[in-house]
Amino acid sequence: LGDPPIDWSKVETRAEHFTWLAQRDSYPAALIQTEVLAKGRKGLIVYGHLHFQRRNVGTNFEMGDWRAETIVSLIERAGPTRVFTIWRLEEALTNAFPEASGWQAPALTPVAGTTLGAIDMGRLSTFPPRVRIVDGKPQPLPKDQYATLPIEQQLDALLYLGPDSRTPIAPSAEPCRRPGFLEERLRRIALTGIPTFEAEAIQKLCGTTPQ
C-alpha cells in the first residue's frame with residue numbers, strides 16, 4: 001500500500017513504468033516522514049526485506065547512486081530518526097547459523113554484539129545479483145568482487161516463527177468478472193517484464209487458457 005499511485009492509463013512503455021518503479025522506496029519514505037514522523041508519531045512498517053536495508057546489497061553496499069536508496073536509508077539520512085529493522089529468519093540464515101533451528105518459536109532476537117550479528121550479510125541475502133552503477137547504468141559484478149557487511153550493520157533484530165510458518169493464501173477470482181480486468185492485467189505483466197508464470201497464474205485463476 002506504500003507504492004506510488006500509478007496512473008496505468010498513461011503507462012504504455014517499460015521506460016514509462018520505470019519512472020514509477022524507481023519511486024518504490026522514495027515514495028513510502030516520504031509518506032512516512034509527512035504522515036508519521038512530522039506529526040510526532042511512531043510507525044510500524046510492514047514491507048519486503050530489501051526495502052529495510054541500510055546499505056543496498058544489490059549495489060554491493062555502495063550507496064552513491066540514488067537507485068540504491070531504501071526506505072530505511074532515506075528516513076535515517078533525512079534526520080535523527082533511527083529505524084529499528086527486523087527481518088524474518090529465513091532458511092538461508094538457518095544454514096549459516098545452525099543454532100537458530102533450535103530456537104523456540106516465536107522468537108525475536110537483537111543482533112548487535114552477537115555471533116549472529118557478525119555473520120556476513122551476503123549469507124543472509126543472496127538476491128538480487130549484485131551490480132555496479134557505471135555512467136548511470138547497472139553492470140553485473142563478478143562474485144569475487146562482492147563486498148562483505150556484518151548483519152548487525154544492516155539490521156537490528158531477527159524474527160523466527162519456526163519451520164513452515166507461512167500459510168499460502170489463495171487469491172480471489174472475483175476480479176476476473178470485471179470487464180477488461182484480465183486483459184489489462186496481462187498488458188501490465190507484459191509491459192513490466194514480470195516473469196511469464198505470473199501471466200499463466202492469472203489466466204488459470206480466471207479460467208482461461210494461458211497464451
Side-chain angles (χ1 to χ4, degrees), residues 2-4 6 11-33 45-97 111-159 188-198:
D3 270 3
I6 301 177
V11 177
E12 300 291 342
T13 67
R14 188 167 299 186
E16 290 172 343
H17 175 253
F18 182 77
T19 63
W20 295 96
L21 188 66
Q23 301 177 48
R24 294 193 69 231
D25 283 277
S26 61
Y27 182 85
L31 201 63
I32 293 164
Q33 289 166 339
I45 312 166
V46 181
Y47 247 85
H49 285 169
L50 296 182
H51 295 281
F52 285 161
Q53 301 180 94
R54 286 194 167 88
R55 304 190 69 85
N56 197 323
V57 66
T59 56
N60 207 32
F61 307 121
E62 294 293 332
M63 302 297 288
D65 188 272
W66 63 270
R67 284 162 289 195
E69 297 285 5
T70 69
I71 293 176
V72 169
S73 70
L74 287 165
I75 291 175
E76 294 189 338
R77 183 164 59 84
T81 301
R82 169 79 176 183
V83 181
F84 189 86
T85 62
I86 302 172
W87 282 34
R88 180 181 177 272
L89 183 61
E90 303 285 358
E91 182 182 355
L93 185 56
T94 304
N95 292 336
F97 192 70
V111 297
T114 67
T115 304
L116 178 59
I119 294 176
D120 174 32
M121 187 65 198
R123 298 178 69 178
L124 171 58
S125 181
T126 58
F127 179 85
R130 301 189 194 183
V131 300
R132 63 161 59 92
I133 306 298
V134 179
D135 296 329
K137 298 180 180 180
Q139 295 185 356
L141 190 68
K143 288 189 175 181
D144 61 2
Q145 296 181 27
Y146 280 18
T148 60
L149 183 75
I151 287 175
E152 63 183 355
Q153 293 184 25
Q154 182 76 315
L155 51 96
D156 298 292
L158 283 162
L159 174 66
R188 296 180 189 181
I189 290 173
L191 185 150
T192 58
I194 292 175
T196 55
F197 67 78
E198 294 288 358

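As the structure is a computational prediction, the values presented were derived from the model and not from experiment.
The ring pair (Phe, Tyr, Trp, His ring centres under 6.0 Å) search around W20 returns none, not counting sequence neighbours. In this view, R123 satisfies the side chain to side chain donor-acceptor pair (under 3.5 Å) rule with no residue, not counting sequence neighbours. Every residue two or more places apart in sequence or in another chain that forms a salt bridge (charged side-chain N to carboxylate O under 4.0 Å, His left out) with R24 is listed here: D3. Applying the side chain to side chain donor-acceptor pair (under 3.5 Å) criterion to H17, with sequence neighbours excluded, gives no partner residue.
Nearest heavy-atom pair, E198 versus I194, reported as atom, atom and distance to 0.1 Å: CG-CG2, 3.2 Å. The minimum heavy-atom distance linking V57 with P128 is given by the pair CG1-CD, 4.3 Å. Scanning all heavy atoms of the two residues, the minimum distance from I32 to I45 falls at CD1-CD1, 3.5 Å. Here the closest heavy-atom approach between residue H49 and residue W87 is recorded as O-CZ2, 3.3 Å. Across every non-hydrogen atom of V11 and L191, the tightest pair is O-CD1, 3.7 Å. Here the closest non-hydrogen pair linking L116 and L158 is CD2-CD1, 3.4 Å.
Not a single donor-acceptor pair under 3.5 Å links the side chain of Q154 to the backbone N or O of I151. Looking at D65, its side chain does come within 3.5 Å of a backbone N or O of R67 through a donor-acceptor pair. D120 contributes no side-chain N or O that, together with a main-chain N or O of P150, makes up a donor-acceptor pair within less than 3.5 Å.
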Using residues 72-81 as the side-chain source, report each donor-acceptor pair under 3.5 Å to any protein atom, sequence neighbours left out, with the distance given to one decimal.
| unit_1 | atom_1 | unit_2 | atom_2 | d |
| --- | --- | --- | --- | --- |
| S73 | OG | E69 | OE1 | 2.6 |
| S73 | OG | T70 | N | 2.8 |
| S73 | OG | T70 | O | 3.1 |
| S73 | OG | T70 | OG1 | 3.4 |
| E76 | OE1 | R54 | NE | 3.0 |
| E76 | OE2 | R54 | NE | 3.3 |
| E76 | OE2 | R54 | NH2 | 3.0 |
| E76 | OE2 | V83 | N | 3.0 |
| R77 | NE | E69 | OE2 | 3.2 |
| R77 | NH2 | E69 | OE2 | 3.2 |

Donor-acceptor contacts under 3.5 Å from residues 132-149 side chains, at least two apart:
| unit_1 | atom_1 | unit_2 | atom_2 | d |
| --- | --- | --- | --- | --- |
| R132 | NH2 | Q145 | OE1 | 2.4 |
| Y146 | OH | R130 | N | 3.4 |

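Remark: I6 CD1 to Y27 OH distance equals 11.0 Å, nearest 0.5 Å. Of the inter-residue distances, the one linking L155 atom CG with Q53 atom CD reads 9.5 Å to the nearest 0.5 angstrom. Taken from CG in D156 to CZ in F84, the straight-line distance is 5.0 Å, to the nearest 0.5 Å.
At a threshold of 4.5 Å between non-hydrogen side-chain atoms, the residues P195 and I189 do not count as touching.
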Side chain to side chain contact (heavy atoms under 4.5 Å, CB included), that's the test. Do M63 and N56 meet it? Break it down for me. CA-CA 7 Å; M63 302 297 288; N56 197 323; 3.9 Å; yes
